[in-house]
Amino acid sequence: MRIGLLVAVIAGFWLVAYADLERARDRAIQDGLRQTANLSSLLEEDARRAMVVAGHALHAMAEGGRIPDHLLDDTAEAPGMDGGPGQALRTLLILERDGRVRQTAGMNGSASAAESLLADAARAGAGGLIRPYREAGGGWRSAMVRPLADGSGVAVAVLDLDRFARLYATQDIGPLSIILFYGEDGVVLAYSRAGLRLDQDRAAFAAILPRLPAGEAARTLSGFDPAEGRDRIGTVRRVAGLPLYVYVRIRTDDVLAGWYDDRWKRILETAAVSVVMTLLALLALRQLGRLETTTQALRASERRSQALFDSSFQIMGLLSPDGRVLALNRPACALAGLPIEALVGHRAWEFRGWARTDELAEAFRQSIEKAASGRLVRYETDVVADGVTRVMDVTIKPVFDDRGTVTVLVVEARDITERVEAAERLATALDQAEAANRAKSAFLATMSHELRTPLNAIIGFSDIMLHELFGPLGSPRYRDYARHVQNSGRHLLDLINDVLDMSKLEAGRYTLDESWLEPLIAIENCRALAAVPADAGGVVLTVDCPSGLPDLLADERALRQVLLNLLSNAVKFTPQGGRVTVSAVQEAGGGIAITVRDTGIGIAADALARILEPFQQADSSISGRFGGTGLGLSICRDLMALHDGSLSVDSEPGRGTAVTIHFPAARTGRPVAADGLPA
């Protein structure tokens, strides 16, 4: 469709150019016709004057039988004899009947004239115009002859035909055009352009030269010229009623020479403009295609955006900086209780569906003004929807243009009623949890005294019974029973202590009693305590620590609890013949790392993430095989956290476990030499 329109436009442009060229051609032809008419009129007037002058001279000579005195002087000129490029009347003669010259005047007073056509005319005694002849000097002449009144001879006026040829040659009518001066018989007297057949035969065009009927003085001609096989235009005029004609004939090519130049120029201009128009049109079509594609994409994007805009459960809208509604989604319209047509263009705070009281409307207006100044505004408000009060989280965001001016405000309102209610429920639950935690702490504080007192008594009395301080027990079984009672009491006491420590740590009530201590001494003391169960289990327990470790700022009891817990676990999970090694190093950052490494059963990779949580063990069967509550590593981790340190576990099933505790550099002092003095 567009290509066809482009072709039609270009075709119309060419048609306009063609019509202009045709009009210009017609104007050139009409100008040529006017030129031929005007020029032929001038040339006819020139020829008429020459003929009239010659006729007057012949009349005077014929009546008087001699040349009048005023014409005898060679320098004398009758009025009108000079036509411009020379005299038309060159010689006057009085010839006898036998051809002899009786009297002569003018430029060519030659006695040899009797031997020419003039002598024949004299002997004939007839008047008229003698056909063109060439003189001995090469010039072309013609003569007007008139018998003398007494019949003794003739009066002759010789005309210089070359003079007419020179005059015609000066006319600027084009190289292919011609001016002819000829008689009724078609014999050409003079013409403007040499090189024609007329140079050999002055009657060559006699059959085709136009003549005029009696009474017609001039005629304009146009059409095909059979003499040259070309189109021509021209004007032929009769000279003063004589059988002579002046014919100005211009070839159409000469008339249209300028038009031809203009035609090609116009064609080139039209072609150039057509090419430019085509290129511009193609570019425009290409740009239009891109624009249509972009427009379609924008419309599709607008539809998608509008679909998202309308399908959102949130209330969304666009406002102008002065608070007028530009666009709203369906939930916003539903909340306002009005169709979008009734909302767009109005101030947002004017609708009670969004601001049910004057105070809320004023707050909404102030929030819009703050956002229009370029600030993000966020606040909570309540609205009534379907008779239910809902809490809304409202955000008003300004959108800036390239100059930093706020052009649009984006309003979003989220229903946070459930979140607010959930926060209230959570606050209530936290209050309840804190109350429960306080009750637990009070319970544990109470039970710690109530449980430890009888357990200490049980352990103490069982120890007296094992040592038989007040006499033998009797049966050996009583001794075994007393040992079991003592072991069970101690196990229960350890469990209670762990639970109480864990409770203090979780409640944040565990207070460190920090002091500077030597890590090697603390490690050695713990090794000595763990040596007994290690020897009982057939496990080799060694310490591999360099000398000169710096002092450590820590709670000695907590450090001992951590080390004993790690050593206890390592010995417990290492089979007979295994090895447990305790090492300590000062790290590059200045901190101290203590590692307890064993060759025991190891821990699976999926269990490493949970063994540090309270009451968690690597395998549910461990508690049955090895005992324990799963609180040891959790307590160790929390105690290290109180020291601003950390605990890490690296293990592989079947190859052992390495547990490392890290103390930061802020808790280390100067190194200690081997002799116990500061290094």
Side-chain angles (χ1 to χ4, degrees), residues 1-39 172-178 219-235 248-311 318 326-327 340-341 344-345 399 401-403 407-408:
M1 179 65 181
R2 294 174 183 150
I3 299 298
L5 180 61
L6 173 62
V7 172
V9 170
I10 294 177
F13 190 73
W14 277 97
L15 287 175
V16 170
Y18 176 77
D20 289 343
L21 287 174
E22 285 298 310
R23 285 193 293 271
R25 186 180 186 277
D26 292 341
R27 286 194 298 271
I29 295 295
Q30 294 301 320
D31 291 342
L33 289 173
R34 284 192 294 272
Q35 180 185 3
T36 61
N38 294 335
L39 183 58
D172 184 15
I173 58 174
L176 302 178
S177 301
I178 192 171
R219 179 184 297 177
T220 298
L221 305 173
S222 63
F224 183 75
D225 184 0
E228 296 185 359
R230 295 176 182 271
D231 288 337
R232 54 94 176 95
I233 61 175
T235 300
V248 179
R249 186 184 66 182
I250 302 178
R251 283 191 181 180
T252 307
D253 292 342
D254 288 337
V255 173
L256 299 178
W259 178 83
Y260 287 142
D261 294 339
D262 292 339
R263 178 187 64 178
W264 287 112
K265 184 185 298 184
R266 182 62 182 272
I267 289 174
L268 292 176
E269 291 176 353
T270 305
V273 172
S274 299
V275 171
V276 172
M277 288 180 60
T278 302
L279 293 176
L280 292 177
L282 292 176
L283 290 175
L285 290 176
R286 183 179 179 183
Q287 189 67 23
L288 184 60
R290 291 179 177 176
L291 183 60
E292 288 183 349
T293 302
T294 303
T295 302
Q296 293 175 358
L298 288 176
R299 289 176 179 173
S301 177
E302 183 179 358
R303 288 193 295 269
R304 291 192 296 268
S305 300
Q306 189 64 37
L308 293 174
F309 194 60
D310 289 335
S311 63
L318 299 179
L326 301 177
I340 190 171
E341 295 81 7
V344 172
V399 178
D401 59 11
D402 295 338
R403 297 174 295 178
T407 57
V408 177

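Values reported hereafter were calculated over all heavy atoms of this structure, with side chains retained and with hydrogens, waters and symmetry mates removed.
For the pair Thr270 (side chain) and Ala17 (backbone), a donor-acceptor distance under 3.5 Å is absent. Of the possible polar contacts, none joining the Thr235 side chain to the Thr220 backbone as a donor-acceptor pair under 3.5 Å is found. Trp259 places no side-chain N or O within donor-acceptor distance of the main-chain N or O of Asp26, the cut-off being under 3.5 Å.
The number of heavy atoms from other shown groups lying within 6.0 Å of CG (Asp172) does not exceed 12. The environment of OH in Tyr18 is sparse: at most 12 heavy-atom neighbours from other residues, nucleotides or ligands sit within 6.0 Å.
Expressed to the nearest 0.5 Å, how far OH of Tyr260 lies from CG of Leu21 amounts to 12.0 Å. Atom CZ of Arg286 sits about 14.0 Å away from atom CG of Leu291, to the nearest 0.5 Å. Distance check, rounded to the nearest 0.5 Å: CD of Glu269 to CG of Asp262 gives 9.0 Å. For the atom pair CZ (Arg23) and CD (Gln30), the distance works out to 14.5 Å, reported to the nearest 0.5 Å. Here the CZ-OG distance, from Arg249 to Ser177, works out to 8.5 Å after rounding to the nearest 0.5 Å. Here OG1 of Thr293 is found 9.0 Å from CG of Leu288. Values are rounded to the nearest 0.5 Å.
Between Thr252 and Arg25 the shortest side-chain heavy-atom distance falls below 4.5 Å.
The two atoms that bring Ile29 and Ile233 nearest to each other are O-CD1, 3.9 Å, heavy atoms only. Of all heavy-atom pairs spanning Leu39 and Ile173, the tightest one is CD2-CG2, 3.6 Å. Summarising the geometry of Thr36 relative to Gly234, their closest heavy-atom pair is OG1-C, 3.9 Å, with the distance given to 0.1 Å. Considering all non-hydrogen atoms of both residues, Asp20 and Arg266 come closest at OD2-NH2, 2.9 Å. Minimum heavy-atom separation, Gly32 to Ile250: O-CD1, 4.3 Å.
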Problem - Audit row: Ile267, Trp14, side chain to side chain contact (heavy atoms under 4.5 Å, CB included) steps and yes/no - result: CA-CA 9 Å; Ile267 289 174; Trp14 277 97; 4.2 Å; yes
